[in-house]
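One structure below.
From a predicted model like this one, the values you see are computed outputs, not experimental measurements.
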Amino acid sequence: MKQSRIWIVFIMAAMLMTACGSGPTKEQSENAERAIKTAHKQRDYDKLLTLADSLEKIGSLSQAEAYYWRGYASDRLKKSRMAEFYWKTALEASENSTAKEDLDIYAKTASRLANLLSVKGNYEGTLKIGEPAAIRLEEQQCDTTSDYVNLLIYLV
């Protein structure tokens, strides 16, 4: 109960700061990342969904990050269709960016989506997602991460 109040106060404070005309500060972004990690570690996927929505609205998470975490939480809640939708949206939101943060989210999202599609037996979908993602990550020299390696495994 006490922890829920802390999250509410955090989100309200962040919303007030954003409403006053300034974008999220480095501290706000770090707090947002900390909040996401805490919910992730606690396996509180409903809270993770709420945080993704709230933190995107106040600008502490990019659209791609918010959709990635929504997809992750949905996948863990056994809502694979929602996870697939969210991860496809996250890929679209980050596909043209070359910023390192967006490429990391792109790699994570492509890896998770390819895995989901492979597990569902949708091998054609896995190839349609995985091949362009692998090529893009190679072009951007982001081909040394575990997400890239996992992506290649799902393609084989």
Side-chain angles (χ1 to χ4, degrees), residues 10-11 14-15 17-18 22-77 79-156:
F10 165 74
I11 291 171
M15 288 173 74
M17 293 175 126
T18 303
S22 62
T25 64
K26 183 178 180 181
E27 182 180 344
Q28 287 173 317
S29 295
E30 289 171 357
N31 286 340
E33 189 174 317
R34 195 174 310 117
I36 292 287
K37 283 183 180 180
T38 301
H40 178 249
K41 282 183 181 179
Q42 293 175 346
R43 298 179 181 175
D44 190 345
Y45 303 118
D46 290 319
K47 183 188 288 184
L48 193 55
L49 283 167
T50 302
L51 283 171
D53 291 342
S54 301
L55 295 173
E56 181 189 16
K57 283 180 185 173
I58 63 173
S60 293
L61 284 182
S62 70
Q63 182 183 26
E65 289 173 310
Y67 276 105
Y68 169 78
W69 285 112
R70 287 180 190 117
Y72 182 88
S74 296
D75 185 52
R76 295 300 180 166
L77 292 169
K79 298 177 181 179
S80 62
R81 287 184 184 172
M82 287 304 299
E84 183 177 344
F85 167 78
Y86 286 137
W87 283 333
K88 283 181 178 178
T89 306
L91 281 180
E92 291 171 9
S94 61
E95 69 185 346
N96 295 322
S97 177
T98 57
K100 175 159 177 26
E101 300 82 23
D102 289 338
L103 285 172
D104 289 342
I105 287 295
Y106 181 83
K108 286 180 184 182
T109 303
S111 174
R112 294 226 180 245
L113 182 56
N115 177 45
L116 176 71
L117 293 172
S118 179
V119 168
K120 287 173 57 174
N122 184 350
Y123 304 116
E124 185 178 335
T126 301
L127 289 173
K128 283 182 180 178
I129 295 294
E131 278 188 276
I135 291 168
R136 178 166 183 239
L137 292 171
E138 289 169 3
E139 289 172 351
Q140 297 294 323
Q141 298 175 342
C142 294
D143 55 354
T144 59
T145 65
S146 60
D147 293 312
Y148 172 78
V149 173
N150 287 336
L151 186 58
L152 293 181
I153 291 168
Y154 304 134
L155 291 174
V156 173

Considering all heavy atoms, the nearest Ser60-Ala32 contact: CB-CB, 3.6 Å
Within this structure, what is the CG-CG distance for the pair Asp102 and Asp104, rounded to the nearest 0.5 Å? 9.0 Å
Specify the closest pair of heavy atoms between Leu51 and Ala35, including all atoms of both residues, with the distance to one decimal. CD1-O, 3.5 Å
When rounded to the nearest 0.5 angstrom, what is the spacing between CZ in Arg112 and CG in Leu117? 13.5 Å
Below 4.5 Å, heavy atoms only, C-beta onward: do Tyr106 and Leu137 meet side chain to side chain? yes
Closest approach of Leu151 to Ala110 (non-hydrogen atoms, all atoms of both residues): CD1-O, 3.7 Å
Counting distance only, does the side-chain N/O of Arg76 pair as donor-acceptor with the main-chain N or O of Arg43 below 3.5 Å? no
What are the two closest non-hydrogen atoms of Arg136 and Asn96, and how far apart are they? NH2-C, 4.0 Å
Are any of the side-chain heavy atoms of Val156 and Leu152 separated by less than 4.5 Å? no
Find out whether Lys108 and Tyr72 are in side-chain contact, i.e. whether some heavy atom of one side chain is under 4.5 Å from a heavy atom of the other. no
Should Phe85 and Arg70 be marked as a side chain to side chain contact (heavy atoms under 4.5 Å, CB included) after you check the CA-CA gap, both sets of side-chain angles, and the distance that decides it? CA-CA 10 Å; Phe85 167 78; Arg70 287 180 190 117; over 6 Å; no
Strictly below 4.0 Å, N to O, side chains only: are Glu92 and Lys88 in salt-bridge contact? no
Taking all non-hydrogen atoms of both residues into account, name the closest pair between Tyr123 and Ser118 and its distance. CE2-O, 3.6 Å
Before accepting this row, confirm whether a basic side-chain N of the pair Lys57/Asp53 lies closer than 4.0 Å to the acidic partner's carboxylate O. no
Side-chain donor-acceptor pair under 3.5 Å between Arg34 and Asn31, yes or no? yes
Between Trp69 and Leu49 (side chain of the first, backbone of the second, donor and acceptor by atom type, cut-off under 3.5 Å), is there such a pair? no
Candidate pair Leu61 and Ile36, rule side chain to side chain contact (heavy atoms under 4.5 Å, CB included), full reasoning: CA-CA 10 Å; Leu61 284 182; Ile36 292 287; 4.1 Å; yes
Are the side chain of Asn150 and the backbone of Ser146 linked by a donor-acceptor contact shorter than 3.5 Å? yes
Which distance, rounded to the nearest 0.5 Å, do you find between the CG of Asn115 and the CD1 of Ile129? 13.0 Å
Return the orientation label for the Tyr67 and Tyr86 ring planes: parallel under 30°, perpendicular over 60°, tilted otherwise. tilted
Around atom NZ of Lys128, are there more than 12 heavy atoms from other residues, nucleotides or ligands closer than 6.0 Å? no
Are the side chain of Ser54 and the backbone N or O of Thr50 linked by a donor-acceptor pair below 3.5 Å? yes
Heavy atoms of Leu127 and Leu155 approach each other most closely as CD2-CD2, 3.8 Å
Enter the distance from Leu77:CG to Asp46:CG here, rounded to the nearest 0.5 Å. 5.5 Å
Side chains of Trp87 and Asp75 in contact at under 4.5 Å (non-hydrogen atoms): yes
Go through it in stages, so that I can follow the logic: the residues are Thr145 and Asp143, the test is side chain to side chain contact (heavy atoms under 4.5 Å, CB included), and I'd like the CA-CA distance, side-chain angles, deciding distance and then a yes or no. CA-CA 6 Å; Thr145 65; Asp143 55 354; over 6 Å; no
What distance do Leu113 atom CG and Thr126 atom OG1 have between them, rounded to the nearest 0.5 Å? 8.0 Å
Euclidean distance, Ile105 CD1 relative to Glu65 CD, rounded to 0.5 Å: 5.0 Å
